[in-house]
Each structure stands twice: as structure tokens, then as C-alpha cells.
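Below, chains carry the letters A, B, ... as their sequence lines are ordered, and counting in each starts from 1.
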Number of protein chains: 2
Amino acid sequence: MDFSQIELFDGISAASCTDMLVCFGAEFDSFRTGEVVCDYSDDPKRRVGIMRTGRASMIRIDESGNETLLEEVEEGDIFGEVLCFGDGGDYVKLICDEDCDVVFLKYDQITKRCEKACEHHSRLVANLFELMAKKTLSLGERIQLLSRRTTREKLMYYFRLESARRGGEFTLPMSHTRLAEYLCVDRSAMVRELKRLTDDGLVRVDGKKIRLTQAEF
Amino acid sequence: MDFSQIELFDGISAASCTDMLVCFGAEFDSFRTGEVVCDYSDDPKRRVGIMRTGRASMIRIDESGNETLLEEVEEGDIFGEVLCFGDGGDYVKLICDEDCDVVFLKYDQITKRCEKACEHHSRLVANLFELMAKKTLSLGERIQLLSRRTTREKLMYYFRLESARRGGEFTLPMSHTRLAEYLCVDRSAMVRELKRLTDDGLVRVDGKKIRLTQAEF
DNA sequence: TCCGTTTTGTTGCATTTGCAACAGATACCT
DNA sequence: AGGTATCTGTTGCAAATGCAACAAAACGGA
């Protein structure tokens with residue numbers, strides 16, 4: 001097993017990694033596109049997952065069958081019901097968008113002091129801290145997005161963010177249908193608003209290609 | 001200075017605490033109700049704050065002057081622009097709801113390996129990890145709330161959560177005006193929906209006293 | 001290539017929502 | 001007690017939104 005590429009184990013020797021895997025109850029697993037990585041309705045495993053490669057979507061399905069895209073889990077991201085989306089009552093699952101490799105750690109073993117006093121235990125916790133900080137940032141960003149009141153504002157906020165991140169013209173990383181779920185608005189209403197935005201000359205939309213008009217800057 | 005009551009320093013001797021304060025560039029500060037704890041528009045200090053006592057509200061004000069309550073920071077919570085609500089572009093500030101005591105740490109010093117090799121450095125990072133996990137949970141909850149599409153769903157989700165936490169009948173921890181900002185909906189629209197909910201017999205509302213009707217269970 | 005599934009574009013309609021405005025109630029400070 | 005600021009309850013109205021439905025286009029697997 002090659003640990004060198006895994007951010008989680010950054011700064012920790014391969015030998016230590018192997019040792020520590022036992023302490024943390026580490027489990028490695030792989031999933032194929034479309035498979036369910038975790039099902040948080042009946043999964044009291046208290047595990048923390050780290051996405052090594054691939055992408056997955058945290059999806060909530062409420063009693064009416066509405067699907068909501070809670071978050072996108074990407075390479076290097078940390079996830080888990082202990083961390084997030086704990087108890088809402090609805091059905092929550094993590095579903096694979098692309099084949100992915102995952103490491104699971106037992107949450108309780110992380111904060112517990114290690115009896116074996118592995119020398120790098122603390123380094124791993126520090127790494128986890130950074131992963132958490134990154135996650136917190138992305139959750140905060142999501143809150144900023146969802147706290148916009150209108151579909152228009154949500155779209156513009158999202159576009160500005162992606163535009164700043166990926167460059168002036170960028171390609172949506174998901175389908176329009178999915179984007180509507182992400183923004184938590186009705187798809188048809190979103191498409192309507194998208195048309196208004198283009199009519200007002202604020203954006204150019206061509207399928208998944210989006211470009212903000214300079215008027216915005 | 002008494003460190004024993006501060007969760008952040010849990011498991012760390014007073015002597016070590018004093019040592020470490022230097023490593024982390026710790027600053028203690030107090031604020032009075034109404035004062036601005038942090039102003040994230042022009043504050044590139046990269047500090048992490050821990051609320052020792054008191055309560056504060058993270059508020060965003062957009063260019064139109066709309067206020068949004070991003071999060072409630074309570075005793076023991078961790079906060080900071082490095083962690084959350086980083087860059088949206090709008091004006092974001094943390095404002096004191098009750099007199100509060102705060103510790104600030106320099107974010108970069110936390111993850112950096114300590115040259116002085118303070119023995120408890122790693123314990124503190126572990127404590128921070130737990131604080132972060134707690135924060136992540138509350139952010140996740142907030143996302144669950146904001147991802148509801150209608151005002152009715154937001155209200156009911158919020159009431160169920162508070163009801164489970166504080167008991168069958170509970171008192172809103174904020175004014176109706178503030179609640180509307182928290183749910184990110186128009187206040188008058190919220191009041192209207194609140195009335196419909198009572199008409200439908202789902203809740204009883206008496207000022208800040210809320211009770212879910214058993215029909216819900 | 002063919003077939004089934006998903007996505008997209010579109011529309012009508014009832015409902016919800018944001019917005020603005022105002023008066024009365026309440027809380028807060030001096 | 002008086003005065004100011006905030007909160008609450010309410011309304012009308014225009015606009016946005018959710019919902020349902022359907023056909024065409026695109027996609028993906030056998």
C-alpha cells in the first residue's frame with residue numbers, strides 16, 4: 001500500500017502508517033459509479049471517511065421523494081455522519097459519481113488517546129484537523145449560497161464563485177437538473193431564471209458552458 | 001488565568017497552557033453586548049476564535065442591506081474567517097449578543113509544527129479537532145435547514161429540531177425578526193406561514209413559546 | 001445500432017414569496 | 001416617566017416559485 005499520495009498521511013512514514021491503521025480501525029474500500037458508499041439511515045458506525053480518489057454526492061431524500069444534493073465530496077475531502085448531516089430524520093446516502101477509493105477511520109479512536117502511543121498519531125490528528133478546516137470552509141460556502149433568497153441570487157453567487165475558481169468561462173461540473181438540486185430550487189423555475197439572466201445580458205449559457213458577462217465586474 | 005474551565009485546554013496543565021499561549025499567538029479579549037467581535041471585510045488576520053463565555057451572531061450584510069444570520073456562535077464554539085464564510089464578497093461581522101470572552105489563536109501556528117516542541121501542542125490540536133467536528137455538525141444542520149424549499153418546511157424542520165433538543169414546549173432563543181433572518185425568508189411571509197401552521201393545527205405559537213402538536217408524532 | 005433512461009426546454013396555473021408600508025406593542029436607556 | 005428604537009401584526013400587490021405535464025434531445029449500455 002502506497003501512503004505517500006494520501007494527504008491524510010502526509011508527513012508520516014509508511015511504517016508508522018501501517019502501525020496506525022490498526023489503532024484507527026482503518027478500512028480501505030473501493031466503489032464503482034452509481035454504488036452507494038454509505039447509507040446514513042441505518043449506519044451507526046461512527047466512521048469518518050476520506051475520499052482518496054473519485055467523486056461522490058451526499059444526497060438527501062425526504063418523505064415526499066424530493067432529492068437534495070447536500071454536498072459534493074471530492075478527492076481529499078473528509079465526510080461522515082458523525083461530522084455532518086447527522087440526524088435530520090430523512091434518508092441520506094453518499095452515492096458514487098465516479099469510481100472511487102475511500103479510507104474509513106473509526107471516529108472514537110481518533111480523539112481517544114492511543115494506548116500504543118504511536119509517535120505519529122498526533123500528526124495524523126493534525127492532518128485531520130486541516131481536512132476538517134477545508135470541509136468547514138466548503139460548508140460555509142454552501143450556507144452562503146443557500147442563504148440567498150431568490151433563485152437569481154443563488155445562480156449569480158454560484159456562477160461568481162465558480163468563475164473565480166475555474167476561470168472566466170467554465171463548464172458546469174453537473175447537469176442542470178443536478179444544479180437545481182444543489183441550489184435547492186425547482187428545475188423549471190431555475191431554467192426560466194437562467195433565461196432571464198441571459199436576456200438581461202448577465203451571463204452567456206451554452207449547455208454546460210457558462211460565462212459571466214464583464215458587466216458584472 | 002484559570003484554564004481549567006476551557007474546553008480548548010482540556011487535559012493540559014496550567015503551566016503548559018501558559019507556555020503554549022506564546023506558540024499560538026493567543027490573545028484574550030472581552031466584548032460587550034452589541035460590540036463587533038470581528039469584522040471579516042478587512043480582517044486578514046487568519047485567526048481562529050473560541051467563544052469562552054457568551055453568545056454572538058455571525059451576520060452578513062449584502063450590497064442591498066439585507067441582513068442574514070449566518071450562524072449563532074455559542075459557548076465553546078469555534079469560529080473564524082479561515083474556517084468559514086471566508087470570501088463571499090459581502091460584509092460579514094460577528095456581533096455580540098451577550099457580553100462575551102474570547103480567545104484567539106493564529107491559524108497558521110496551529111498546523112505548523114511547534115519548534116519548541118511543547119509537549120501538549122498535539123493535545124490542543126486534538127481538542128481543536130473536536131471543536132471543529134462540533135462546528136461541522138452544526139453547519140450541516142444549518143444546511144439541512146436551508147435546503148428546505150418552502151418557508152413551511154423550514155419552520156417545521158427548525159421546530160422539530162428545537163423541540164427534540166429543548167423539549168416539547170420551548171422558547172425561541174431569538175426574536176421572530178431574527179428567526180426570519182435565520183431561515184432566510186421574509187419576515188412578514190414567515191409570520192403569515194406561522195399563522196397557517198397554527199390554523200392547520202400543527203403548532204401552537206404564543207410569542208416566543210412554541211409547542212408542536214402531537215399530530216406531528 | 002437500437003432501446004431505454006435521463007436530461008432538457010417549455011408551458012399553464014395556483015400558490016407562495018418578497019417587498020413596501022404602517023400602526024400598535026414592547027423593550028431599553030437615561 | 002419619557003422618549004427612542006426595535007419588534008410585532010397586518011395588508012395589498014407584483015413577481016417569483018413550485019408543481020405537473022409533455023415532447024424533443026442527448027446519453028449510455030447491450
Practice task
Using a heavy-atom cut-off of under 4.0 Å over every strand shown, decide if Ser188(A) touches base, sugar-phosphate, or nothing.
Solution key: base

Handout entry: Which nucleotide in dT17(C), dT8(C), dG18(D) has an atom nearest any side-chain atom of Ala189(B)
Key = dT17(C)

Exercise for the section: For Leu183(B) and dT16(C), give me the distance from atom CG to atom P, rounded to whole Å. Expected result: 17 Å

Exercise for the section: Tell whether Arg192(B) reaches the base of dG9(D) with its side chain through a donor-acceptor pair below 3.5 angstrom. Expected result: no

Handout entry: Residues Thr171(A), Arg166(A); criterion side chain to side chain donor-acceptor pair (under 3.5 Å); working and verdict
Key = CA-CA 8 Å; Thr171(A) 304; Arg166(A) 302 174 190 255; over 6 Å; no

Exercise for the section: Report the residue (Arg149(A) or Arg178(A)) whose heavy-atom-nearest nucleotide on DNA chain C is the more 5′ of the two. Expected result: Arg178(A)

Exercise for the section: Please check if any side-chain donor atom of Thr150(A) sits under 3.5 Å from a side-chain acceptor atom of Glu153(A), or the reverse. Expected result: yes

Exercise for the section: Would you mind classifying the nucleic acid contact of Thr150(B) as base, sugar-phosphate or nothing, using non-hydrogen atoms under 4.0 angstrom? Expected result: sugar-phosphate

Problem - CG on Leu194(B) to NE2 on His176(B), rounded to 0.5 Å - result: 6.0 Å

Exercise for the section: For Thr213(B) and Arg204(B), test the side chains for any donor-to-acceptor distance below 3.5 angstrom and give the result as yes or no. Expected result: no

Problem - Separation of dG9(C) P from Glu193(A) CD (nearest whole Å) - result: 15 Å

Fill in the blank from the handout: Rounded to whole Å, CZ of Arg152(A) lies from P of dA16(D) at a distance of 8 Å

Practice task
Could you state the atom-to-atom distance from NZ of Lys154(B) to C1' of dG18(C) in whole Å?
Solution key: 12 Å

Problem - Distance, rounded to the nearest Å, where Lys208(B) contributes NZ and dT6(D) contributes C1' - result: 11 Å

Exercise for the section: Kindly point out which of dT8(C), dT16(C), dC7(D) is positioned nearest to the side chain of Arg196(B)? Expected result: dT16(C)

Handout entry: Distance test, side-chain N/O of Thr177(A) to OP1/OP2 of dT8(C), below 4.0 Å
Key = yes

Practice task
Give a yes/no on whether any side-chain N or O of Thr151(A) is located under 4.0 angstrom from OP1 or OP2 of dT17(D).
Solution key: yes

Exercise for the section: Grab the CG-P distance between Asp199(A) and dA15(D) for me, whole Å please. Expected result: 16 Å

Exercise for the section: Please confirm whether any donor atom in the side chain of Arg187(A) sits under 3.5 Å from an acceptor in the base of dG9(C), or the reverse. Expected result: yes

Exercise for the section: Select one nucleotide: of dT8(C), dG18(D), dT8(D), the one nearest the side-chain heavy atoms of His176(A). Expected result: dT8(C)

Completion exercise
Ile95(B) atom CD1 is separated from dT6(D) atom P, nearest whole Å, by 11 Å

Fill in the blank from the handout: Whole-Å distance, Leu179(A) CG to dT7(C) P, equals 13 Å

Practice task
Classify the side-chain pair Arg178(A)/Ser57(A) by whether it contains a donor and acceptor separated by less than 3.5 Å.
Solution key: yes

